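Here is the structure we will look at, set down as structure tokens.
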Number of protein chains: 2
Amino acid sequence: MPNTVICSVGTSAARRVCSPANLAAWVKEQGGAEQAGRALFNSFADVLPQGAALQDTLSAEINSLVRIGVQPSDRVILLASDTSDGQACACAVALYLQKYFPGILVEIHCIKGLQVHDAELFRREGVVNYVRYCLRAIHDFGESQVILNPTGGYKALVPYTVLIGMIKHVPCRYIFEQSSQLLTLPPLPVVFDRGPFERYRSLIERIERETAIPGDVWEQEVRYDDRVLLEPLVERTPTEVTLSAVGLLLLDEVRMPTVLVPFLSRKAWEDCLDNLCQLRDCNPFRFLLRIAADRHQFRLAEHINAGNGLRWLKPGRTTDRYLISVEDWRLLVWRAIREDQVGSDYPHKVTVDPNKDRKRLGPFTRLEFADNEK
Amino acid sequence: MPNTVICSVGTSAARRVCSPANLAAWVKEQGGAEQAGRALFNSFADVLPQGAALQDTLSAEINSLVRIGVQPSDRVILLASDTSDGQACACAVALYLQKYFPGILVEIHCIKGLQVHDAELFRREGVVNYVRYCLRAIHDFGESQVILNPTGGYKALVPYTVLIGMIKHVPCRYIFEQSSQLLTLPPLPVVFDRGPFERYRSLIERIERETAIPGDVWEQEVRYDDRVLLEPLVERTPTEVTLSAVGLLLLDEVRMPTVLVPFLSRKAWEDCLDNLCQLRDCNPFRFLLRIAADRHQFRLAEHINAGNGLRWLKPGRTTDRYLISVEDWRLLVWRAIREDQVGSDYPHKVTVDPNKDRKRLGPFTRLEFADNEK
């Protein structure tokens, strides 16, 4: 399946033509980003993407994309700064890729607020928009098909690229310093602790909806104890609060979780521990953890729609059945029963009203044991 | 309280004296790293650490340390590359800090394997040793007193510095590109999923103990399904497996957790839900989560040593009591009782043998609810 490589773009495509300090003026002289991009492309259009030229003559983006093994069937998303020199370099890289990888899909996006002169603007807009583009691509093309490549572009983007990779389970691949070698930071077993975030979710969604809220609303709504935890999620001016790049990333992961986490009702815990676990060859917990972590397996196990957002899951040719619902990133397990005990009519015999029965069956607590042998 | 700033060191201290490409030769000419460091220091010793000079004349490390607000009472740990030019620059930075911040503690460590020519050596040794030094400083001085500063030094260290900051809950602060402005990446609510790690903990500890194990032992011991999850934790050659920088970091966090996670025995869940929760003004879950996240609060609540690693906790002038033990990063809650019901002699009446009673009282499951109102 084709890959999508998301690639931040710097000015190294221009390094043989012009020094970074004079690049903006040079681009202007050429008549703008597009013409300058074409001129830059012409300066290395005949250099083949191989051997020492990758490192010595071609740009950091081209070097890294070739080492990653980009193919004509792939897609490359070039994220350029909000400056004419950054855009010119992105144009040159795109033209080069289209020449040597015919058919390749190349998109250029100029990221509003992404520049090096104003850290405040970078934080409040540039990096927020950068994260937004990365997330959109991950959703559009799927996390298993996406590679993040922060080789080119600003060093200040690297920490955010790493965070996106960790939270969304996408690998980061980049060229090691000025070498020909590729380093990979694979997705790590890292999850974020959604507790503090969830308590303020409606406030955070309001900031997203309204772009900014007054600072005093934030002060009123956020408990003093929670401020330290929540500060990373927002950017503040003396009067306003906006969503930070980190806030945007975590809000996205709450809404479109990469994996689900199972929570069992107190009744479902009893069902499993006192009944299903007595069966030979039945491990309800392993089944639930497996399908929560894998959307494909989850869909295979879906058996009967019980209405009201509830579904019965069936692991295969077994007798255990699970009545579940999904709330954001949580897989709620309401009941776990045996068909051989209840009978094939179980969907009509075991019924739950999610609104009325939540208290009676609950609380729902997380499926995670202190012992590994479970 | 004084801060400790951990600072990766590059070669920007030499940028006014010599180009990066010729620096190693220049250092040799001077008679070695120490003499060259002194010569570099002399080239900017009279430039005050203020105004435009910070950005224009002084090194990236000095610029960032001054913007971070380093004081004479602080400690700065300079992590230099395994090269004579890196060490010369670190010497120059140290001499400068000692001149302008008299009394400041400055340590220089040369990180074995940290260089730009060999990505393999960087991965297998350089970055592993870098992580080791950072972790040691965090343990020695406490995560609330440490700041990570990856402004200077190799770009390839930035992702690892970010990971350390996330997992150990330490802020990263760095200068935004070539500006005078500081960016801060605060600790985020991120935790790592210890499940897959724990299943192989003894194998991972063996690699750490023996430095390397044969590749075929790894293949035999790690289940096929688990390989993708475990690959980030190790580095592989055709014949050997060693611990990666990420593996070292996660092993450290399993052994010396920044926060504890509470797990309740099935009996303790019943104790809480059916008994303690009936009391007005008693929220056992909030208490347990609070003390698990805060070592100081935990120590304040410790009441009676019950032997065998078990302790009774007392929240304050209340009647609820908790029999707990700590296993690595887990806070196990064995029982939760009311003194007004059991009597002041409760430590003798309610007893647990952790070896014998684990099955009877268990399983222990994680204290985390699907509803926030709990």
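Predicted model only: the values in this text are computed from it and were never measured. What you see below is based on every heavy atom in this structure, not just the backbone, and it leaves out hydrogens, waters and symmetry mates. Below, read A as the first sequence line, B as the second, and so on, with proteins coming before strands; counting in each chain starts at 1.
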For [X], is it the side chain, the backbone, both or neither that has a heavy atom under 4.5 Å from a heavy atom of chain B?
X	answer
A:Ile167	side chain
A:Glu253	neither
A:Leu332	side chain
A:Val246	side chain
A:Leu163	side chain
A:Tyr174	side chain
A:Leu289	neither

Checklist entry - Between A:Gln181 and B:Asp118, does a side chain to side chain contact (heavy atoms under 4.5 Å, CB included) hold up when you go through it step by step? => result CA-CA 8 Å; A:Gln181 298 156 300; B:Asp118 183 347; 4.2 Å; yes
Next on the checklist: Counting heavy-atom pairs closer than 4.5 Å to chain A, which one of B:Val158, B:Thr184, B:Val116 comes out on top?
Outcome noted: B:Val116
Next on the checklist: If we define contacts as heavy-atom pairs under 4.5 Å, which of B:Leu185, B:Thr161, B:Leu182 has the most with chain A?
Outcome noted: B:Leu185
When heavy-atom pairs shorter than 4.5 Å are enumerated against chain B, which of [options] gives the highest number?
options	result
A:Pro159, A:Ser244, A:Gly165, A:Pro186	A:Pro159
A:His117, A:Glu231, A:Glu120, A:Lys155	A:Lys155
A:Cys172, A:Ser180, A:Ala156, A:Gly362	A:Ala156
A:Phe263, A:Phe364, A:Phe176	A:Phe176

Checklist entry - Would you say the side-chain atoms of B:Glu368 pair up with the backbone N or O of A:Arg366, donor to acceptor, closer than 3.5 Å? => result no
Checklist entry - chain A heavy atoms under 4.5 Å from B:Leu367: which part of the residue, side chain, backbone, both or neither? => result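 Contact with chain A involves no heavy atom of B:Leu367 at all.
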Checklist entry - Any side-chain heavy atom of B:Tyr160 within less than 4.5 Å of one from A:Val162? => result no
Checklist entry - Rounded to the nearest 0.5 Å, how far does OG1 of B:Thr365 lie from CG of A:Leu264? => result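 Taking CG in A:Leu264 and OG1 in B:Thr365, the distance rounds to 9.0 Å.
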